[in-house]
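Take a look at the structure set out below.
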Amino acid sequence: MPAHHAAIFIALLAAGLVAPFLLYPVFVMKVLCFALFACAFNLLLGYGGLLSFGHAAYFGGAAYISAHAAKVWGFPPELAILSGTLAAAILGTAIGALAIRRQGIYFAMVTLAFAQMVFFFSLQAPFTGGEDGIQAVPRGMLFGLINLRSDITLYFVVLAIFLGGLLMIYRIIHSPFGQVLKAIRENEPRAISLGYRTNRYKLAVFVLSATLAGLAGSTKAIVFQLASLTDVHWSMSGEVVLMTLIGGMGTVFGPIVGAAVIVTMQNYLATMGAWVTVIQGCIFVICVLLFREGVVGVIARWVKRPL
């Protein structure tokens, strides 16, 4: 790991340790959950070159499974989160196996179509609670020892999950597998000519991205004690695209910045109602015109080091 990357990880850890004492812990937990979601999406788009408009299916689907497992089946939080993550992995495998048969805008439309199917299933299925969602999800006891009813205690669990997911993504990106993904992103015909079975790599990164998105969704369901239709709505897929592009597509730390910006806007500008969406759109246009590589991408170009 380069020294400047190690320094950034240390800075993230330090900021994470003091954040709940300076800011509202639930707000910071929301930022961490969406930052992990955006990093998972960036793994697919920024490094695999695959634009998915349906990542809310894995985020929200995992949230429903996790919430149902904790509330109805009585699973402890670690097993509930694991159940949601596993469900996202299975769903990602099924959808990915079909979606990777298409490229470009056709791939994006296929993922959106499947995500809408998951949305309508979540609306109609008996166990999801319809428009009410699954409410009053118990946080429970982690490993039977740690009481997660305290926001501060739960925060440090969420921080550990986020950092673990981020380190996993970092390792994937900088592995031989990650280098092949970059080659496929830049020139798939050339990667095929070198003997790589590109569809296998694309399916693998699709499943990994869906699994990590499911981990973020499962964790969010435990934090907010709620799984709702908002989590599987198409607008959620759009938000994660926005987070990734604002922060910097194809950068390790860009999606974290993008998620922090969008979640902060939604939280502190909530009193403005629908105008929040208009402001988000204006910021997106400004970033596209002035920061085409995203905020972190521009900084990386200025310091001449990958971020």
So do Y58 and T211 actually touch side chain to side chain, heavy atoms under 4.5 Å? no
Between Y170 and F253, how do the two ring planes meet: parallel, tilted or perpendicular, split at 30° and 60°? tilted
Between CG on residue L166 and CD1 on residue I161, distance to nearest 0.5 Å: 13.5 Å
Shared ILVMFWY cluster between L86 and L215, side chains joined below 4.5 angstrom? no
With rounding to the nearest 0.5 angstrom, report the CG to NZ distance, D231 to K220. 4.0 Å
Answer whether the closest heavy-atom distance between the side chains of F206 and T93 falls below 4.5 Å. no
Side chains of S52 and H55: any donor to acceptor distance under 3.5 Å? yes
Test of understanding: clusters of I, L, V, M, F, W, Y form through side-chain heavy atoms closer than 4.5 Å, transitively. Do I100 and L98 belong to the same one? yes
Would you indicate whether the side-chain heavy atoms of V261 and M243 approach each other to under 4.5 Å? no
Would you compute the distance between atom CZ of R190 and atom OG1 of T198 and round it to the nearest 0.5 angstrom? 14.5 Å
So does Y196 have more than 12 non-hydrogen atoms from other groups sitting under 6.0 Å from OH? no
Is M117 atom CE crowded by more than 12 heavy atoms from other residues, nucleotides or ligands, each under 6.0 Å away? no
Start with the C-alpha gap between Y268 and F27, add the side-chain angles, then the distance that decides, and say whether ring pair (Phe, Tyr, Trp, His ring centres under 6.0 Å) holds. CA-CA 10 Å; Y268 290 101; F27 164 71; 5.6 Å; yes
Do K30 and V223 come close enough that some side-chain heavy atom pair is under 4.5 Å? no
Can you get from F34 to L163 by hopping between Ile, Leu, Val, Met, Phe, Trp and Tyr side chains that sit under 4.5 Å apart? yes
Taking every non-hydrogen atom, the tightest pair across T219 and C33: CG2-SG, 3.9 Å
Side chain to side chain, P189 and N187, heavy atoms closer than 4.5 Å: yes
At what distance, to the nearest 0.5 angstrom, does CD1 of I173 lie from NZ of K182? 7.0 Å
Same apolar cluster: I90 and F59, side chain cutoff 4.5 Å: no
Kindly determine whether L112 and S237 satisfy side-chain contact (heavy atoms from CB on, under 4.5 Å), including the steps that lead there. CA-CA 9 Å; L112 177 60; S237 297; 5.9 Å; no
Can you tell if the side chain of E78 reaches within under 4.5 Å of the side chain of L82, non-hydrogen atoms only? no
Please check if I262 and Y24 belong to a single hydrophobic cluster, counting links between Ile, Leu, Val, Met, Phe, Trp and Tyr side chain heavy atoms closer than 4.5 Å. yes
Is the side chain of E188 donor-acceptor paired with the backbone N or O of R185 at a distance under 3.5 Å, no angle test? no
Taking the side chain as every heavy atom from C-beta outward, state whether P20 and V28 have any pair of such atoms under 4.5 Å apart. no
Answer yes or no: is there a side-chain heavy-atom contact under 4.5 Å between K71 and Q225? no
If I compare all heavy atoms of A67 with all of I134, which pair ends up nearest, and what's the gap? CB-CG2, 3.9 Å
